[in-house]
Amino acid sequence: HSLDKAERTGCAPVAPTEQLPLAPQIVSPTTQRSPDVLEKKYRQEDARKRTLVLAYFPRCATETSISTALESVLGVQGCVSRARIVRDNEGTSTCYGFFEFTDQSVANAALEACCRGQVVADDASDHRHDSKLR
(Lines give C-alpha, C1' and ligand atoms only; values in the text may rest on other atoms or scores of the structure.)
Protein backbone atom coordinates (compact mmCIF):
# COMPACT_ATOMS: atom_id res chain seq x y z
CA HIS A 1 0.00 0.00 0.00
CA SER A 2 1.47 3.27 -0.98
CA LEU A 3 0.00 6.25 0.80
CA ASP A 4 0.09 9.67 -0.70
CA LYS A 5 1.68 12.51 1.29
CA ALA A 6 -1.67 13.77 2.65
CA GLU A 7 -2.51 10.36 4.09
CA ARG A 8 0.97 9.86 5.59
CA THR A 9 1.14 13.23 7.30
CA GLY A 10 -2.52 13.61 8.16
CA CYS A 11 -2.58 16.92 6.27
CA ALA A 12 -4.29 17.62 3.01
CA PRO A 13 -3.03 20.25 0.60
CA VAL A 14 -5.25 23.31 0.25
CA ALA A 15 -6.11 24.45 -3.25
CA PRO A 16 -4.82 27.98 -3.90
CA THR A 17 -8.31 29.30 -4.62
CA GLU A 18 -9.87 27.75 -1.53
CA GLN A 19 -10.41 30.29 1.26
CA LEU A 20 -10.13 29.16 4.84
CA PRO A 21 -11.95 31.00 7.62
CA LEU A 22 -9.73 33.04 9.92
CA ALA A 23 -9.56 31.75 13.43
CA PRO A 24 -9.24 34.21 16.29
CA GLN A 25 -5.81 34.18 17.89
CA ILE A 26 -5.67 33.72 21.60
CA VAL A 27 -2.85 35.74 23.08
CA SER A 28 -1.51 34.27 26.25
CA PRO A 29 1.16 35.78 28.47
CA THR A 30 3.70 33.41 26.91
CA THR A 31 2.95 34.55 23.34
CA GLN A 32 2.90 38.29 24.07
CA ARG A 33 6.05 40.18 23.33
CA SER A 34 7.89 40.99 26.47
CA PRO A 35 9.06 44.56 27.09
CA ASP A 36 12.64 43.33 26.65
CA VAL A 37 11.89 42.00 23.16
CA LEU A 38 10.15 45.23 22.13
CA GLU A 39 12.97 47.34 23.56
CA LYS A 40 15.52 45.30 21.60
CA LYS A 41 13.51 45.77 18.41
CA TYR A 42 13.35 49.56 18.94
CA ARG A 43 17.10 49.71 19.63
CA GLN A 44 17.80 47.75 16.42
CA GLU A 45 15.58 50.06 14.36
CA ASP A 46 17.27 53.10 15.89
CA ALA A 47 20.73 51.67 15.16
CA ARG A 48 19.74 51.06 11.51
CA LYS A 49 18.85 54.75 11.14
CA ARG A 50 22.31 55.69 12.42
CA THR A 51 24.30 53.16 10.33
CA LEU A 52 25.92 53.75 6.95
CA VAL A 53 27.55 51.25 4.61
CA LEU A 54 30.78 52.85 3.43
CA ALA A 55 32.75 51.44 0.52
CA TYR A 56 35.77 51.91 -1.73
CA PHE A 57 38.28 52.51 1.01
CA PRO A 58 41.82 51.06 0.95
CA ARG A 59 42.26 47.37 1.67
CA CYS A 60 44.70 48.27 4.47
CA ALA A 61 42.17 50.56 6.18
CA THR A 62 41.01 49.64 9.66
CA GLU A 63 37.85 50.44 11.56
CA THR A 64 39.89 52.95 13.57
CA SER A 65 41.42 54.69 10.55
CA ILE A 66 38.06 55.14 8.80
CA SER A 67 36.43 56.30 12.06
CA THR A 68 39.26 58.81 12.55
CA ALA A 69 38.83 60.11 8.99
CA LEU A 70 35.10 60.57 9.60
CA GLU A 71 35.71 62.33 12.93
CA SER A 72 38.22 64.65 11.26
CA VAL A 73 35.82 65.66 8.48
CA LEU A 74 32.80 66.01 10.76
CA GLY A 75 34.69 67.70 13.59
CA VAL A 76 32.99 65.44 16.12
CA GLN A 77 35.25 63.34 18.33
CA GLY A 78 33.85 59.86 19.06
CA CYS A 79 31.01 60.17 16.53
CA VAL A 80 31.36 56.54 15.39
CA SER A 81 29.89 54.30 18.08
CA ARG A 82 30.50 51.00 16.28
CA ALA A 83 32.39 50.00 13.13
CA ARG A 84 32.87 46.74 11.27
CA ILE A 85 34.80 46.21 8.06
CA VAL A 86 33.66 43.14 6.12
CA ARG A 87 36.50 40.69 5.58
CA ASP A 88 36.90 37.53 3.51
CA ASN A 89 37.75 34.08 4.89
CA GLU A 90 41.46 34.96 5.05
CA GLY A 91 40.75 38.13 7.03
CA THR A 92 41.44 40.49 4.13
CA SER A 93 39.27 43.59 3.88
CA THR A 94 36.63 43.61 1.15
CA CYS A 95 36.90 47.43 1.19
CA TYR A 96 33.49 48.14 2.65
CA GLY A 97 31.99 48.18 6.11
CA PHE A 98 29.21 49.24 8.43
CA PHE A 99 29.65 52.37 10.54
CA GLU A 100 27.14 53.23 13.26
CA PHE A 101 27.08 56.82 14.48
CA THR A 102 26.16 58.25 17.86
CA ASP A 103 23.02 59.91 16.50
CA GLN A 104 21.07 60.28 13.29
CA SER A 105 22.10 63.89 12.62
CA VAL A 106 25.78 62.88 12.68
CA ALA A 107 25.02 59.93 10.36
CA ASN A 108 23.27 62.35 7.97
CA ALA A 109 26.27 64.71 8.08
CA ALA A 110 28.59 61.75 7.36
CA LEU A 111 26.38 60.74 4.44
CA GLU A 112 26.61 64.26 2.99
CA ALA A 113 30.38 64.39 3.51
CA CYS A 114 30.83 61.04 1.75
CA CYS A 115 28.61 62.13 -1.15
CA ARG A 116 30.76 65.26 -1.54
CA GLY A 117 33.93 63.14 -1.50
CA GLN A 118 35.25 64.77 1.68
CA VAL A 119 36.06 61.56 3.56
CA VAL A 120 39.48 60.51 2.29
CA ALA A 121 41.83 57.78 3.49
CA ASP A 122 45.36 57.09 2.27
CA ASP A 123 46.43 53.53 1.48
CA ALA A 124 49.83 51.93 2.15
CA SER A 125 51.27 53.43 -1.06
CA ASP A 126 49.89 56.91 -0.26
CA HIS A 127 47.13 56.75 -2.85
CA ARG A 128 44.04 58.65 -1.76
CA HIS A 129 40.65 56.92 -1.69
CA ASP A 130 37.31 58.64 -1.38
CA SER A 131 34.93 56.71 0.83
CA LYS A 132 31.55 56.36 -0.78
CA LEU A 133 28.17 55.08 0.18
CA ARG A 134 27.20 51.76 -1.21
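Positions are given from 1, in the same order as the sequence printed here.
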If I take atom [atom1] from residue [X] and atom [atom2] from residue [Y], how far apart are they, to the nearest 0.5 angstrom?
| X | Y | atom1 | atom2 | result |
| --- | --- | --- | --- | --- |
| R82 | S67 | CZ | OG | 12.5 Å |
| R48 | R43 | CZ | CZ | 12.5 Å |
| Y56 | C114 | OH | SG | 12.5 Å |
| F57 | S65 | CZ | OG | 8.0 Å |

Tell me whether [X] contacts the main-chain N or O of [Y] through its side chain, where contact means a donor paired with an acceptor under 3.5 Å.
| X | Y | result |
| --- | --- | --- |
| T68 | T64 | yes |
| S81 | E100 | yes |
| E71 | Q77 | no |

Can you name the closest pair of heavy atoms from [X] and [Y] and give their distance?
| X | Y | result |
| --- | --- | --- |
| C95 | P58 | SG-C, 4.2 Å |
| I85 | A61 | CD1-O, 3.5 Å |
| L54 | F99 | CD1-CD1, 3.7 Å |
| D88 | E90 | OD1-N, 3.0 Å |

With the threshold set at 4.0 Å, does a side-chain nitrogen-carboxylate oxygen contact exist between E63 and R87?
yes
Between K40 and D36, is there a side-chain N and carboxylate O pair less than 4.0 Å apart?
no
In sequence, state the C-alpha distance, the side-chain angles, and the governing distance for R59 and T92, and then conclude on side-chain contact (heavy atoms from CB on, under 4.5 Å).
CA-CA 7 Å; R59 195 165 305 282; T92 304; 3.5 Å; yes
Side-chain donor-acceptor pairs of residues 104-113 under 3.5 Å, sequence neighbours excluded:
unit_1 : atom_1 : unit_2 : atom_2 : d
S105   : OG     : D103   : OD1    : 2.6
N108   : ND2    : Q104   : O      : 3.4

Determine whether L52 and F101 make a side-chain contact, defined as any pair of heavy atoms from C-beta on separated by less than 4.5 Å.
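Result yes, sub-4.5 Å side-chain heavy-atom pair found.
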